[in-house]
**Student:** 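First the structure, then my questions, so here it is.
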Amino acid sequence: MAKKEVTVEQKLRALYDLQLIDSRVDEIRNVRGELPLEVEDLEDEVAGLNKRLDKLNNDLETIDESIKSKKNLIEEAKVLIKKYGEQQKNVRNNREYNSLSKEMEFQELEIQLSEKHIKEFKVQIIQKNDIIDQTKTRLNERNEHLAHKKGELDAILAETEKEEQALLAKSEDYKKEIEERLVLAYKRIRENVKNGLAVVAIERGASGGSFFTIPPQVQMEIASRKKIITDEHSGRILVDELLAQEQKQKMETLFSKL
């Protein structure tokens with residue numbers, strides 16, 4: 001069976017239908033605006049704050065272990081000082097006595113140094129606890145803000161997600177009905193224009209969204225629907241206003257059913 005030939009007018013209608021569907025998806029996504037990015041940024045910030053808290057708590061544990069170690073060193077030094085003091089009572093000469101005295105002095109210095117380190121560690125603990133308190137306050141604020149933004153996003157998604165998915169499926173269906181080279185051209189134009197409008201109607205003698213007037217002869221060619229014509233300034237595919245109105249009415253019916 002011979003494949004039914006698709007006319008230029010049918011191609012133009014299909015392209016404009018595709019544009020209307022994709023524009024509706026764009027509108028839905030614009031309603032969400034920057035919310036998904038805001039939520040993502042807040043989630044990253046909360047994760048970063050939690051990571052910082054974990055590190056600060058690990059630092060506190062390390063400092064506590066260091067304090068315990070220094071306290072043990074002090075106790076060991078005290079034991080050695082006592083031991084050397086007992087040994088001094090039984091020395092046989094001054095050389096042994098002086099040697100033990102030096103050992104006792106060394107242990108006294110170890111105690112002083114350890115006590116100094118303990119004081120420094122305690123200052124670090126106070127500083128880190130201050131930072132932990134500040135971080136927890138910031139984390140609570142960010143969590144509250146995140147919950148609020150997630151609530152906003154979830155509400156919008158609940159209203160629009162079903163329609164968006166249905167529209168995306170329709171968009172894919174319509175693309176299958178259009179020859180590949182036109183779909184590729186359509187996608188390329190959409191990517192290169194700010195508002196995503198690749199197919200536009202003639203409005204007041206100019207292409208939609210443009211201030212450049214289209215010559216009357218070209219307008220007549222567009223209205224004849226005999227060939228696909230693009231705007232020389234923007235590269236958009238052009239359709240006549242009547243065709244656009246007809247397809248908009250058709251799409252409004254489709255959108256109301258989604």
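Sequential numbering from 1 along the given sequence is applied to the chain's residues. Predicted, not measured: the structure shown is a model, and the values here were computed from it.
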**Student:** Quick check on side chain to side chain donor-acceptor pair (under 3.5 Å): which of E152, E161, E164 does R32 satisfy it with?
**Tutor:** E164
**Student:** Check D26, I28, I21 against R24 for a side chain to side chain contact (heavy atoms under 4.5 Å, CB included) and give me the one that passes.
**Tutor:** I28
**Student:** Heavy atoms only: give me the nearest S171-D22 pair and the separation to one decimal.
**Tutor:** OG-OD1, 2.8 Å
**Student:** Quick check: does any side chain N or O of S99 sit under 3.5 Å from a backbone N or O of R95, one acting as donor and the other as acceptor?
**Tutor:** no
**Student:** Would you indicate whether the side-chain heavy atoms of K78 and I111 approach each other to under 4.5 Å?
**Tutor:** yes
**Student:** Check E105 with K102, please: is the shortest side-chain N to carboxylate O separation under 4.0 Å?
**Tutor:** no
**Student:** Would a 4.5 Å heavy-atom cut-off, applied to side chains only, mark L238 and T230 as touching?
**Tutor:** no
**Student:** Does D59 pair with K55 as a salt bridge, N-O distance under 4.0 Å?
**Tutor:** yes
**Student:** Does any non-hydrogen side-chain atom of I214 lie less than 4.5 Å from one of Q219?
**Tutor:** yes
**Student:** Is the shortest side-chain heavy-atom distance between V91 and Q87 below 4.5 Å?
**Tutor:** no
**Student:** Same hydrophobic cluster for I229 and F212, using side-chain heavy-atom links shorter than 4.5 Å among ILVMFWY?
**Tutor:** no
**Student:** At their closest point, which heavy atom of I131 faces which heavy atom of R52, and how far apart are they?
**Tutor:** CG2-NH2, 3.7 Å
**Student:** Using 30° and 60° as the class limits, which term best fits the ring planes of H117 and F121: parallel, tilted or perpendicular?
**Tutor:** tilted
**Student:** Looking at E75 and K71, is any side-chain nitrogen of the basic one under 4.0 Å from a carboxylate oxygen of the acidic one?
**Tutor:** no
**Student:** Transitively linked via ILVMFWY side-chain contacts under 4.5 Å: L113 with I67?
**Tutor:** no
**Student:** Verify, without hydrogens or angle tests, whether S101 (side chain) and Y97 (backbone) share a donor-acceptor contact under 3.5 angstrom.
**Tutor:** yes
**Student:** Taking atom CD1 of I228 and atom CD1 of I222, what is their separation to the nearest 0.5 Å?
**Tutor:** 12.0 Å
**Student:** If you round to the nearest 0.5 Å, how far is CG of L49 from CG of D44?
**Tutor:** 11.0 Å
**Student:** If you measure from CD on Q127 to CG on L56, what distance do you get to the nearest 0.5 Å?
**Tutor:** 11.5 Å
**Student:** Ignoring hydrogens and geometry, is there a side-chain-to-backbone donor-acceptor pair from Q19 to V200 under 3.5 Å?
**Tutor:** no
**Student:** Between atom CG of L73 and atom NZ of K70, what is the distance when rounded to the nearest 0.5 Å?
**Tutor:** 6.0 Å
**Student:** Given V199 and L20, is the side chain to side chain contact (heavy atoms under 4.5 Å, CB included) satisfied, shown in steps?
**Tutor:** CA-CA 9 Å; V199 187; L20 291 171; over 6 Å; no
**Student:** Roughly how far, to the nearest 0.5 Å, is the CD atom of Q107 from the NZ atom of K82?
**Tutor:** 15.0 Å
**Student:** Roughly how far, to the nearest 0.5 Å, is the CG atom of L37 from the CG atom of L42?
**Tutor:** 11.0 Å
**Student:** Between Q247 and K250, is any pair of side-chain heavy atoms under 4.5 Å apart?
**Tutor:** yes
**Student:** Measuring only between side-chain heavy atoms, which start at C-beta, is N93 closer than 4.5 Å to E96?
**Tutor:** yes
**Student:** With heavy-atom distances below 4.5 Å as the criterion, would you say the side chains of L168 and Q165 are in contact?
**Tutor:** yes
**Student:** Between E110 and E76, is there a side-chain heavy-atom distance shorter than 4.5 Å?
**Tutor:** no
**Student:** Considering all heavy atoms of both residues, which atom of L167 and which atom of F255 are nearest to each other, and what is their separation?
**Tutor:** CD2-CE2, 3.5 Å
